[in-house]
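Notes to accompany the following structure.
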Amino acid sequence: MARKPLIAGNWKMNLNHFEAIALVQKIAFSLPDKYFDKVDVTVLPPFTDIRSVQTLVEGDKLLLTYGAQDVSAHDSGAFTGEISGSMLAKLGCTFVVVGHSERRTLHGEDNDTVLAKTKAALKNGLTPIVCIGEGLNIREAGEHVAYNVEQLRGSLAGLSAEDVAKVVIAYEPVWAIGTGRVASASDAQEVCAAVRAALGELATPAVASTVRVLYGGSVNAKNVGEIVGQSDVDGALVGGASLKADEFATLSAIAAGGPLP
Ligand SMILES: O=C(CO)COP(=O)(O)O
């Protein structure tokens, strides 16, 4: 079954709400509506920008969507500093990133936490973009496929096939994030294909054939074409290049199959 590519811009901790509005306006201007038949485009700003992005997207009826970079595993209550899935849903978010390697590494999130956050997203009608990815030592030891499959299983453990059908997976090798060192297209394909096979076992092959599996790590307008050209890679989770409107629009257009805007 044909899967519509998804280009997701993870802004990380960059841009205040004024800057967010300017960037979304520029992306929308650079990427005419016709592209959205062939690619889904979403931006994932910091929490403090989301209300402003919502106002712009709804007010101007933009076709791009938006989401958040994290969600609490809890519904509400005494969790200082956390943001719940229902709060994000109320702001019209479509997606939420869970288990980004920066959260796994810098904030000690393990697969159980990622699973709890994935469930919190699903419970609130948000599409979780569940991130997995190996460090350099694992890649160099040649254990990357098994490692990623294990992380996937742990992060989705016990979900029904119906719920697995609602997630997006992002394979982001840690050594390729923000380093300029992009995995080769065949490296991306190797792990994304293994992810799809594992999804087939966790749910069913029919479900696995519908789930979008993204690649992330130093994606830009120059390399996105080859990466999303792989049969099991259905788009990209883009960091640095998502902060540049022209480049993000161009790489989204390439994922749509062109022409360039
Ligand atoms: O972590 C990433 C997206 O979530 C990738 O970041 P870069 O594209 O900056 O390498």
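The shown structure was predicted, so the numbers you read here are calculated from the model rather than taken from an experiment. Values reported hereafter were calculated over all heavy atoms of this structure, with side chains retained and with hydrogens, waters and symmetry mates removed. Both ligands and their constituent atoms are indexed starting at 1 by order of listing.
Between the CG atom in D75 and the OG atom in S86 there is a gap of 7.0 Å [rounded to 0.5 Å]. The structure places OG of S84 at 6.5 Å from CG of N124, a figure rounded to the nearest 0.5 Å. Note that CD of Q69 and CG of L88 are 11.0 Å apart. Values are rounded to the nearest 0.5 Å.
Contacts between C131 and ligand 1 below 4.0 angstrom, taking non-hydrogen atoms only, are absent altogether. With a 4.0 Å heavy-atom cut-off, ligand 1 is reached by the backbone of L237 and by its side chain too.
When each of V98, T118, V130, I169 is paired with S155, the side-chain contact (heavy atoms from CB on, under 4.5 Å) condition holds for V130 and for no other. No option in D70, D110, D112 other than D70 meets the salt bridge (Lys or Arg N to Asp or Glu O under 4.0 Å) test with K117.
Under a 4.0 Å criterion applied to the non-hydrogen atoms of E172, ligand 1 contributes the atoms 1 (O), 2 (C), 3 (C), 4 (O), 5 (C). Atoms of ligand 1 lying under 4.0 Å from at least one heavy atom of G239, given by number and element, are 3 (C), 5 (C), 6 (O), 7 (P), 8 (O), 9 (O). Below 4.0 Å from some heavy atom of S218 lie the following atoms of ligand 1, by number and element: 7 (P), 8 (O), 10 (O). Those atoms of ligand 1 with a heavy atom of G240 less than 4.0 angstrom away are 7 (P), 8 (O), 9 (O).
In this structure, G217 is part of the shell of residues with a heavy atom less than 4.0 angstrom from ligand 1. Ligand 1 lies less than 4.0 angstrom from a heavy atom belonging to A176.
K12 NZ, 3.3 Å is the protein heavy atom nearest to atom 6 (O) of ligand 1. Among protein heavy atoms, the minimum distance from atom 10 (O) of ligand 1 is reached at G178 N, 2.6 Å.
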Using the rule given for side-chain contact (heavy atoms from CB on, under 4.5 Å), can you reason through V145 versus E190, listing the C-alpha separation, both sets of side-chain angles and the distance that settles it, and then say yes or no? CA-CA 8 Å; V145 170; E190 180 189 33; 3.8 Å; yes

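If you chain together hydrophobic residues whose side chains sit under 4.5 Å apart, I7 and V24 fall into the same group.
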